[in-house]
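Shown next, in structure tokens, is the structure this report addresses.
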Amino acid sequence: MESVDVFESLLSSSGLCNWDPVVFDMLIKAFLKVNMVKDGFRAFRKTVKHGMYPSVITVNCLLTGLSKLNYSKKCWEVYAEMERIGVHPNSCTFNILTHVLCKDEDVNKVNEFLEKMEEEGFQPDIVTYNTLVSSYCRKGRMKDAVHLYQIMYIRDVSPDLFTYTSLINGFCKKGNVKDAHQLFIRMADRGLKPDVILYNTLISGYCKEGMMQEARFLLHDMIGEGMHPDKFTCSVLVQGYQKQDNLVSAVNLVTELQRFRFVVSHDIYNYLIAALCIENRPFAAKALIDRVSGDRYEPSNMVYGELIESFCRCNFPDEASCLKAEMVSKDLKPDIGTYRAIIKCLCKLGRSMDANSLMREMTDCDVPPDIEVCRALINGHCGENNFCEAQSLLSFFAQEFKIFDTVCYNTIVRLLSGEGDIAKLMKFQDKMRKVGFAPNQLTCKYVIDGLQKAVGVHKINS
DNA sequence: CTAGGGTTAG
């Protein structure tokens with residue numbers, strides 16, 4: 001839609017000045033540069049329709065864009081079009097299309113295509129070989145991959161880091177870290193220096209096999225070589241430790257990397273903090289936050305929530321409240337789950353009055369309480385023999401928030417019945433009816449129990 | 001300087 005406008009306006013304004021058809025070439029490239037592949041494709045078609053020829057480089061950019069979106073069919077359309085209008089493909093074109101064929105798992109077609117490429121006078125180069133090797137590796141066809149790797153030496157196209165990364169990754173994926181490492185050593189013998197991606201690949205292989213010591217050794221090796229472990233390195237190692245339920249080592253690793261001032265993604269911090277919270281180790285989680293918060297890391301709303309809930313599960317409501325206050329001071333809005341956790345925890349620990357004020361705070365912040373909050377408070381007050389507060393909360397929740405918790409209602413009825421004060425019971429019943437509570441079977445049973453108790457009748461049936 | 005090839009895993 002937009003490309004039509006841009007193309008047409010470019011076309012219409014070209015009459016007003018000296019212009020060069022290269023502007024349309026640039027337009028296509030510009031679309032692709034900002035990842036507007038479809039617009040680039042449309043602009044390409046229109047350019048051709050108006051009898052102009054985009055450059056090979058531009059067509060190659062277009063093919064790359066289409067290939068990345070897996071629009072294979074469109075790639076071949078473009079290729080046919082360039083033959084038709086006489087834009088000669090070059091080695092990049094062939095490599096891009098080889099990649100397309102490899103992705104589509106068309107092995108026979110790949111060979112056919114390579115023959116055609118040679119007919120047109122292009123020898124497969126390092127990129128062509130790497131594309132093929134990586135394709136074999138991805139499909140787990142290591143024998144074919146290694147065979148091609150040997151052919152590269154024969155044809156005097158020396159394998160490079162890309163080749164080795166594909167092969168090492170291929171072996172690792174098969175669980176064959178030994179061969180992967182051997183290749184790594186051979187590569188070094190041939191004078192190639194592994195880069196971060198290559199280290200990551202092998203480290204990931206070891207992590208997948210649970211060989212964390214080897215993985216860690218490689219990490220130190222790469223640091224010793226002056227390389228900077230990246231997010232990828234960190235995430236692979238953390239996941240490796242996690243797979244062995246070794247959260248402590250994962251946390252230690254991350255703090256070590258952070259001390260070295262290497263990039264640790266905030267996702268990793270979030271992940272580890274969440275994991276510690278789930279394992280009910282809120283103090284460790286809090287310590288991790290404190291240690292890394294200098295690292296431009298700020299816990300999100302969700303992380304705070306998880307931490308607070310973890311403290312609550314472990315019966316540390318004051319630590320939880322403190323964090324909640326910290327959230328508020330940072331203009332983060334605690335959600336219902338956070339409030340609910342602290343309220344439940346306080347009630348469980350016999351501090352229902354403290355929970356009350358928290359409930360007031362949440363309603364002041366326009367976070368309406370839910371039935372769980374209602375139930376926790378009422379049960380809490382009942383447990384602390386504060387029936388009065390329980391009763392007033394029951395009607396408060398009903399009136400203000402339309403929460404009618406029959407379970408709580410019946411609990412109070414049962415307790416009042418147990419006290420044997422019929423007048424009080426009836427007064428309560430009456431009040432509750434007015435705010436909208438309807439008694440059910442269980443309510444009636446409790447009321448009858450209360451009456452019997454009051455008049456001293458012993459139960460006949462138990 | 002210039003387009004094309006290599007790393008996790010959900």
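Here is the naming used below: chain letters follow the sequence lines, and residue numbers restart at 1 for every chain.
Residue A:N60 contributes atom CG, which lies 5 Å from atom C1' of B:dA3 at whole-angstrom precision. When rounded to the nearest whole Å, the span between NZ of A:K139 and C1' of B:dG6 equals 16 Å. Between the CG atom of A:L202 and the P atom of B:dG6 there is a distance of 19 Å, rounded to whole Å. Atom pair A:K33:NZ and B:dT2:P shows a separation of 12 Å (rounding to whole Å applied). Atom OH of A:Y199 and atom C1' of B:dG6 are 16 Å apart (whole Å). One can place CG of A:L167 at 14 Å from C1' of B:dT7, the figure rounded to the nearest angstrom. A:M152 places its CE atom 13 Å from the P atom of B:dG6, with the value rounded to the nearest Å. In this structure, the NZ atom of A:K174 is 16 Å from the P atom of B:dT7, given to the nearest Å.
Taking CG from A:N200 and CG from A:L218, the interatomic distance works out to 10.5 Å, rounded to the nearest 0.5 Å.
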Report, one pair per line, the protein and nucleotides 8-10 of chain B atoms (nitrogen or oxygen only) whose separation is under 3.5 Å.
| residue | atom | partner | partner atom | Å |
| --- | --- | --- | --- | --- |
| B:dT8 | OP1 | A:N169 | OD1 | 3.2 |

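Applying the ring-ring contact (aromatic ring centres under 6.0 Å, His included) test to A:F162 and every residue at least two apart in sequence or in another chain returns nothing. Here A:R84 pairs with A:V48, A:E81 under the side chain to side chain contact (heavy atoms under 4.5 Å, CB included) rule; sequence neighbours left out. With sequence neighbours excluded, the residues satisfying ring-ring contact (aromatic ring centres under 6.0 Å, His included) with A:Y206 are A:H181. Listed by chain and residue number, A:W76, A:Y79, A:F94, A:L97, A:T98, A:L101 satisfy the side chain to side chain contact (heavy atoms under 4.5 Å, CB included) test with A:F113 (two or more places apart in sequence, or in another chain).
Counting non-hydrogen atoms under 4.0 angstrom, A:I126 reaches a base of the nucleic acid. Within the 4.0 angstrom heavy-atom criterion, base atoms lie near A:T165.
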Do any side-chain atoms of residues 168-178 of chain A form donor-acceptor pairs under 3.5 angstrom with protein atoms, and if so which ones, sequence neighbours left out?
| residue | atom | partner | partner atom | Å |
| --- | --- | --- | --- | --- |
| A:K174 | NZ | A:G140 | O | 2.7 |
| A:N176 | OD1 | A:D179 | N | 3.1 |
| A:N176 | ND2 | A:D179 | OD2 | 2.7 |

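Closest contact between the side chain of A:L161 and the listed nucleotides B:dT7, B:dA3, B:dG6 involves B:dG6.
Put simply, the side chain of A:D195 and the base of B:dG6 share a donor and an acceptor less than 3.5 Å apart.
Cation-pi geometry between A:R360 and A:F396 is met: under 6.0 angstrom from the ring centre, within 45 degrees of the axis.
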